[in-house]
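Have a look at the structure below, then the notes.
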Amino acid sequence: MGVRQQYDGIGEAFEGFKSLPLTRYGEVPSFLGMVGDVGGRSVLDLACGTGFYSREFRRRGATEVLGVDISVEMIAAARGFEERAPLGGVRYEVGDVAELPVLETKFDIALGVQCLNYAEDIATLERMCRRIHQNLVPGGEFFVLAQRPDYRFDCASLPAYGFRCEPTGEEAEAGPRVRVTALLDPEPISILGTVPRREVYEQSLEAAGFRDVEWVPLHVSEEGVKEFGEDFWADLLAHPPLVMLRCRA
């Protein structure tokens with residue numbers, strides 16, 4: 001099953017991912033902190049899903065946000081959120097990042113949250129990176145969140161943080177195939193993806209013209225420590241399943 005079909009079956013339920021402890025107290029504050037101040041800047045949100053980060057960065061002062069996702073259902077859900085609580089300055093389009101055209105305007109910032117890790121082969125990953133690069137202003141920044149390339153499925157407490165992550169035993173050209181399950185109530189949601197190797201990310205980004213590629217670790221917010229205590233997060237921080245990347249066009 002392709003990425004589009006997997007996500008078409010999820011729709012608005014995808015927002016529920018953001019309430020799970022790993023996402024709410026790890027991914028979201030880490031990613032927002034890495035991207036930093038977007039005031040007065042334009043944002044291209046790739047694999048935007050239901051538009052969580054598109055909306056969040058618009059609220060944080062981005063001048064214009066374009067969310068792109070391969071799933072028709074995800075974009076329909078994102079547009080539904082905008083219609084119900086209009087922010088203005090945010091629009092959504094169905095599109096494949098690997099086939100992203102040159103857009104009318106270049107963006108200051110691009111986001112790729114769980115985006116590049118759906119490339120099954122290195123050529124596709126490189127093409128995604130090139131298409132993103134050509135839509136950024138010179139010096140524009142690209143921020144990535146993905147499964148950690150060297151994750152060894154060794155975070156025993158992962159279900160306590162809201163997820164299961166299992167290798168399928170298959171190997172794609174870019175890296176191993178994995179099944180990630182979000183332990184949502186009442187219905188868990190599983191998604192199949194690839195985990196590209198560290199050098200595959202670095203070489204693909206550099207081949208596309210990106211520079212200053214830097215890996216950034218995940219952290220847990222103070223709110224998360226207050227809510228659950230430090231001991232609760234020890235396994236996650238010792239064996240993080242996610243990692244971030246930043247680079248510059």
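Every value quoted in this text rests on a predicted model; they were computed, and no experiment measured them.
- The closest donor-acceptor contact from the side chain of Ser42 to the backbone of Asp108 lies under 3.5 Å.
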| message | Test side chain to side chain contact (heavy atoms under 4.5 Å, CB included) on Glu27 and Lys18; report intermediate values, then the result. | response | CA-CA 9 Å; Glu27 175 204 309; Lys18 297 293 184 252; 3.3 Å; yes
Given Phe52 and Val28, is the side chain to side chain contact (heavy atoms under 4.5 Å, CB included) satisfied, shown in steps? CA-CA 10 Å; Phe52 175 87; Val28 172; 3.8 Å; yes
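- Atom CG of Asp212 sits about 9.5 Å away from atom CD of Glu206, to the nearest 0.5 Å.
- In this structure, Tyr53 OH and Asp45 CG are separated by 9.5 Å, a value rounded to the nearest 0.5 Å.
- With hydrogens and angles ignored, the 3.5 Å screen pairs no side-chain donor or acceptor of Asp37 with any backbone N or O of Arg60.
- A salt bridge between Asp150 and Arg148 is present, with a side-chain N of the basic residue lying under 4.0 Å from a carboxylate O of the acidic one.
- Considering all non-hydrogen atoms of both residues, Pro186 and Pro188 come closest at O-CD, 3.8 Å.
- Side chains of Glu223 and Glu227 form no contact here, defined as non-hydrogen atoms less than 4.5 Å apart.
- A 4.5 Å side-chain heavy-atom check between Val220 and Pro29 finds every atom pair outside the cut-off.
- Remark: Glu99 CD is packed, more than 12 non-hydrogen atoms of other residues, nucleotides or ligands lying under 6.0 Å away.
- Aromatic rings of Tyr25 and Tyr161 (six-membered ring for Trp) have centroids beyond the 6.0 Å cut-off, not under it.
- Residues Leu242 and Ser30 fail the side-chain proximity criterion, which asks for heavy atoms closer than 4.5 Å.
- Within a 6.0 Å sphere centred on CD of Glu104, heavy atoms belonging to other residues, nucleotides or ligands number 12 at most.
- Across all non-hydrogen atoms, the minimal contact from Ala182 to Phe17 is CB-CZ, 3.6 Å.
- The existence of a salt bridge linking Arg198 and Glu202 is excluded, since no basic side-chain nitrogen approaches an acidic carboxylate oxygen closer than 4.0 Å.
- The hydrophobic side chain of Leu183 is isolated, with no ILVMFWY side chain under 4.5 Å apart from it.
- Expressed to the nearest 0.5 Å, how far CZ of Arg24 lies from OG of Ser221 amounts to 8.5 Å.
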Practice item. Show your reasoning for whether side chain to side chain contact (heavy atoms under 4.5 Å, CB included) applies to Tyr92 and Asp69. Key: CA-CA 8 Å; Tyr92 299 102; Asp69 199 280; over 6 Å; no
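- Val43 and Val137 end up in different hydrophobic clusters when Ile, Leu, Val, Met, Phe, Trp and Tyr side chains are linked at under 4.5 Å.
- Taking both residues in full, the closest heavy atoms of Gly67 and Cys48 are given as C-SG, 3.6 Å, listed atom of the first, atom of the second, then distance.
- For Arg179 against Thr168, the heavy-atom pair with the smallest separation is N-CG2, 4.1 Å.
- To the nearest 0.5 angstrom, Phe163 atom CZ is 10.0 Å from Ile189 atom CD1.
- Stacking of Arg59 on the aromatic ring of Phe57 is not recorded, the 6.0 Å distance cut-off and the 45° axial limit not both being met.
- Atom-to-atom distance recorded for Tyr118:OH and Ile191:CD1 is 4.5 Å, nearest 0.5 angstrom.
- Taking CD of Glu64 as the reference point, atom CZ of Arg41 lies at 13.5 Å (rounded to 0.5 Å).
- Side-chain atoms of Leu158 and Arg164, non-hydrogen and from C-beta on, never get closer than 4.5 Å to each other.
- Partner Thr194 forms a side-chain hydrogen bond (donor to acceptor under 3.5 Å, both in side chains) with one of Arg177, Glu170, Glu173 and no other, that one being Arg177.
- Leu136 belongs to a hydrophobic cluster with Leu44, Leu46, Leu66, Val68, Val97, Leu100, Leu103, Phe107, Leu116, Ile122, Leu125, Met128, Ile132, Phe142, Val144, Val200, Tyr201, Leu205, Phe210, Val213, Trp215, Val243, Leu245, counting contacts under 4.5 Å between side-chain heavy atoms of Ile, Leu, Val, Met, Phe, Trp and Tyr, direct or through other members.
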Exercise. Please walk me through it: do Glu166 and Val178 pass side chain to side chain contact (heavy atoms under 4.5 Å, CB included)?
Worked result: CA-CA 6 Å; Glu166 305 144 307; Val178 297; over 6 Å; no
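- Salt bridge annotation for Glu83-Arg79: absent, with no cationic side-chain nitrogen under 4.0 angstrom from a carboxylate oxygen.
- More than 12 heavy atoms of other residues, nucleotides or ligands lie within 6.0 Å of CD in Glu214, so this atom counts as buried by the packing criterion.
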